[in-house]
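Working notes for the structure below.
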Amino acid sequence: MTSVRVRFAPSPTGFLHVGGARTALYNYLFARSRGGTFVLRIEDTDAERSTEASVQAILNGLRWLGLSWDEGPGVGGEHGPYFQAQRHTRYARVAEQLSAQGRAYPCFCTPEELEARREQQLARGEDPRYDRRCRTLSPAERAARAALGLRPALRFALPEESQEVAWDDVVRGRVAFRSDVLDDFVLLRADGLPTYNFACVVDDLEMRISHVIRGDDHISNTPRQILLYEAMAASPPVFAHASMILGPDGKRLSKRHGATSVEAFGDQGIIPEGMVNFLALLGWALDGQTEIFTLAELEKVFALERVNPNPAVFDTQKLAWVNAQHLKRLDEADRVARVMAFLSTRGHRLAERGPDWCTAFVRALGDRIRTLADALEVGAFVLEDPPPMESEAWAELLGRAGAAERLQALAVRVRETREWSLEALEAGTRSLANELGVKPGEVIAPARVALTGRKAAPGIFEVMWLLGRDTVVARLEAAAVRWRAESPLAARV
RNA sequence: GGCGCUAUCGUCUAGGGGUCCAGGACGGGUGGUUCUCAGCCAUCAAACCGGGGUUCGAAUCCCCGUAGCGCUACCA
């Protein structure tokens, strides 16, 4: 019985990108759905680009999504360390074995020489590949070069005979390469640090990884890795290559498409539930019908075999919709807490108005917010005093005959309203319209503009209630005054 | 250039030879509900990349082409 062990192995060179997040999610879901172990390993062999800040950003991104790891940074485990930078002696040991077996050899070519040769090959129309000149160096020649102080890199010795290297990819079926399209790639750099392919194989082997789930940009690395497993007399794990996530232009998603880190989406008001659900759907479907899932539900129904091999375009519209679905499914207290937390990051401290007010506020926002950030827009009437006046809304109000009188009358009515409740406010407004002989909308529409500065807003009585008597009266009167001053319909004195 | 992967509505996808004149969802159009918007309900438009095969029968299998993407580093 082989237990399922998967890993997410990001290199800490930036934030957690949505592509990486989806890979992490698929790994996590596969582990959970199979009762397996989800390992987090940091691939920081590139000291130039790796930073501690990135490590933290990635961990935070995973935590935000709710993807907890069973082994890795912060939680430990039996197969650590989980930072490649701390595993050098292991790579060196394996490298030595490979060398002893004749499957690896030192290469004294300098990067400059290699680059020059590569260009020559290209110029001749050949495929740029290492010419293996150091592979046949005699021990004496090697010693001579080392004596000159030259630091060699260690290269993998590909099989002499070309062979087919193939595997059954869980998402793509059988994939095959001929080994002669490969070259003797570097295992250890001259500075002794392992390259990706080498470290990856050593670690996956030592960490007993059973399934490697990653992006399809690794497909062409897979034959190299399989050859390494063979050289190490080990059987390779099962591979599953999910495809890339593309931008709206069909190109691989990148920074120029705007936000691509999960953190940035959080800043835009996407909640983890929405992000996880949307990411899951990007390349996977349960039945083509069900769209909304919680992480817990995904853990039960996710199947790697149902991951789709074609590249998916990241559609922010659908993300917003999925997010909205989760937002409306949150229980009220939770939704209120999240909206308040989001707004406070933008400097709006609403908590001091009391829990009842906050609940009413979020209730008033209702389904008008697809993301938490929408609360900034939809709730602007209460977030700013006065809120910005949309010129189009004001222009329309100016063209409405008798608007000032109605606003004025409503101000009086509101001032006189004894009970500050939605019901009383609505009754007062409707009876006023009735007394004025106009439809309720004739009073409500001007009031909406006066109170919110917009033509579209939450229910007018909720708006009034939230604003409070003084503010409502003040905005109504101010609008009436301004209307009289600016409207061509105003009677001039 | 070489190698590889992919190819169903604008987008995410269901579909694994007949039950598909291709289903769902986002987005879009229209109508209804309503104080506006949103939401909700109803409804419409919208796709099997092209060409060959295989088969009684192909969206489904094979081949070729085309297109997109990926890799082609002492990056991961």
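Residue numbers start from 1 in every chain, and the chains themselves are labelled A, B, ... in the order their sequence lines are given, proteins ahead of strands.
The same atom, C1', is picked in B/G24 and in B/C62; the two are 31 Å apart, to the nearest Å. Nucleotides B/A22 and B/A58, compared at atom C1', are 13 Å apart to the nearest Å. Between the C1' atoms of B/C69 and B/C49, the separation comes to 16 Å (whole Å). Remark: the separation of the C1' atoms in B/A47 and B/G23 is 12 Å, to the nearest Å. Using atom P as the reference point in both B/U30 and B/A45, the two lie 15 Å apart (nearest Å). Only the P atoms considered, B/C48 is 9 Å distant from B/G10, to the nearest whole Å. To the nearest whole angstrom, the two P atoms, one in B/U6 and one in B/C64, are 14 Å apart. For the P atom pair drawn from B/U19 and B/U60, the interatomic distance equals 14 Å after rounding to whole Å.
Between the side chain of A/Asn221 and the base of B/A76, a donor-acceptor pair under 3.5 Å is found. One N or O donor and one acceptor, one from the side chain of A/Arg448 and one from the base of B/C35, sit under 3.5 Å apart.
Contact annotation for A/Arg118: backbone-only contact, meaning every heavy-atom pair under 4.0 Å involves sugar-phosphate atoms and none involves a base. At a threshold of 4.0 angstrom between heavy atoms, the contacts of A/Cys109 include nucleobase atoms, whether or not backbone atoms are also involved. Nucleic acid contact for A/His241: none, since no nucleic acid atom lies under 4.0 Å from a heavy atom of the residue. Contacts of A/Gly441 with the nucleic acid, taken as non-hydrogen atoms under 4.0 Å apart, are absent. Among the heavy atoms of the strands lying under 4.0 Å from A/Leu114 is at least one base atom, whether or not backbone atoms are also near. No engagement by A/Thr290 is indicated, since no non-hydrogen atom pair under 4.0 Å with the nucleic acid exists. Residue contacts shown for A/Pro248 are absent, as no nucleic acid heavy atom lies under 4.0 Å away. Residue A/Lys439 is classed as having no contact, given no heavy-atom separation below 4.0 Å to the nucleic acid.
Between the CG atom of A/Leu16 and the P atom of B/A76 there is a distance of 19 Å, rounded to whole Å. Atom CD in A/Glu392 sits about 13 Å away from atom C1' in B/C37, given to the nearest Å. Atom CH2 in A/Trp321 sits about 13 Å away from atom P in B/G28, given to the nearest Å. If you measure from atom CG of A/Asp203 to atom C1' of B/A76, you get 13 Å, rounded to the nearest angstrom. Nucleotide B/C35 holds its P atom 16 Å from the CG atom of A/Leu425, rounded to whole Å. The interatomic distance linking A/Leu365 (CG) with B/G39 (P) rounds to 14 Å, in whole Å. Atom pair A/Glu115:CD and B/C74:P shows a separation of 9 Å (rounding to whole Å applied). Across the protein-nucleic acid pair, A/Phe293 atom CZ and B/A25 atom C1' stand 11 Å apart, rounded to whole Å.
For the side chain to side chain contact (heavy atoms under 4.5 Å, CB included) with A/Arg129, the qualifying choice from A/Asp183, A/Asp184, A/Leu182 is A/Asp183, the only one to do so. For the side-chain hydrogen bond (donor to acceptor under 3.5 Å, both in side chains) with A/His241, the lone residue among A/Thr23, A/Asp216, A/Thr222 that qualifies is A/Thr222.
The aromatic rings of A/Trp284 and A/Phe302 lie tilted to each other, with the angle between the two planes from 30° to 60°. Between A/Phe314 and A/Phe278, the ring-plane angle classifies as perpendicular under the 30° and 60° cut-offs. Taking the six-membered ring for Trp and thresholds of 30 and 60 degrees, A/Tyr91 and A/His88 have ring planes inclined between 30 and 60 degrees apart.
Base pairing of B/A67 is made with B/U6, judged by Watson-Crick or G-U wobble geometry with both donor-acceptor distances under 3.5 Å. Base pairing analysis places B/U55 opposite nothing; no Watson-Crick or G-U wobble pair with both distances below 3.5 Å involves it. In this structure B/C37 sits in no base pair that meets the Watson-Crick or G-U test at under 3.5 Å. Under the Watson-Crick or G-U wobble criterion, with both distances below 3.5 Å, B/C20 has no partner in any strand shown. Both distances falling under 3.5 Å, in either a Watson-Crick or a G-U wobble arrangement, place B/A25 opposite B/U11. Remark: B/U30 base-pairs with B/A42. Criterion, Watson-Crick or G-U wobble with two distances under 3.5 Å. Remark: B/A76 base-pairs with no nucleotide; criterion is Watson-Crick or G-U wobble with both hydrogen-bond distances under 3.5 Å.
In this structure, A/Arg189 reaches the B/A76 phosphate: one of its side-chain N or O atoms is under 4.0 Å from OP1 or OP2. For A/Arg430, a side-chain nitrogen or oxygen approaches OP1 or OP2 of B/C35 to under 4.0 Å. Taking only side-chain nitrogens and oxygens, A/Thr110 never comes nearer than 4.0 Å to OP1 or OP2 of B/C74.
Map A/Asp44 and A/Asp217 each onto its nearest nucleotide of RNA chain B; the residue landing nearer the 5' end is A/Asp217.
Residue A/Arg224 places its side chain closer to B/U72 than to any other of B/A76, B/U72, B/C35. Listed candidates were B/C35, B/C37, B/C74. Nearest to the side chain of A/Ala456 is B/C37. Closest to the side chain of A/Pro128, out of B/G70, B/C75, B/G1, is B/G1.
By the side chain to side chain donor-acceptor pair (under 3.5 Å) test, A/Arg49 pairs with A/Asp46, sequence neighbours left out.
A 6.0 Å sphere centred on CZ of A/Arg151 holds no more than 12 heavy atoms belonging to other residues, nucleotides or ligands. Atom CD of A/Glu392 has 12 or fewer heavy atoms from other residues, nucleotides or ligands within 6.0 Å.
Looking only at atom types and distance, the side chain of A/Ser50 has no donor-acceptor partner in the side chain of A/Asp44 under 3.5 Å away.
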Item to check | Protein proximity profile, nucleotides 2-20 of chain B - base contact B, sugar-phosphate-only contact S, no contact -, cut-off 4.0 Å on heavy atoms | outcome: SSSSSSS--SBSSS-----
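Using a distance-only test at 3.5 Å, with no hydrogens or angles considered, no donor-acceptor pair links the side chain of A/Trp394 to the main chain of A/Gly453. Within the 3.5 Å criterion, the main-chain N or O of A/Ser243 finds no donor-acceptor partner in the side chain of A/Asn310.
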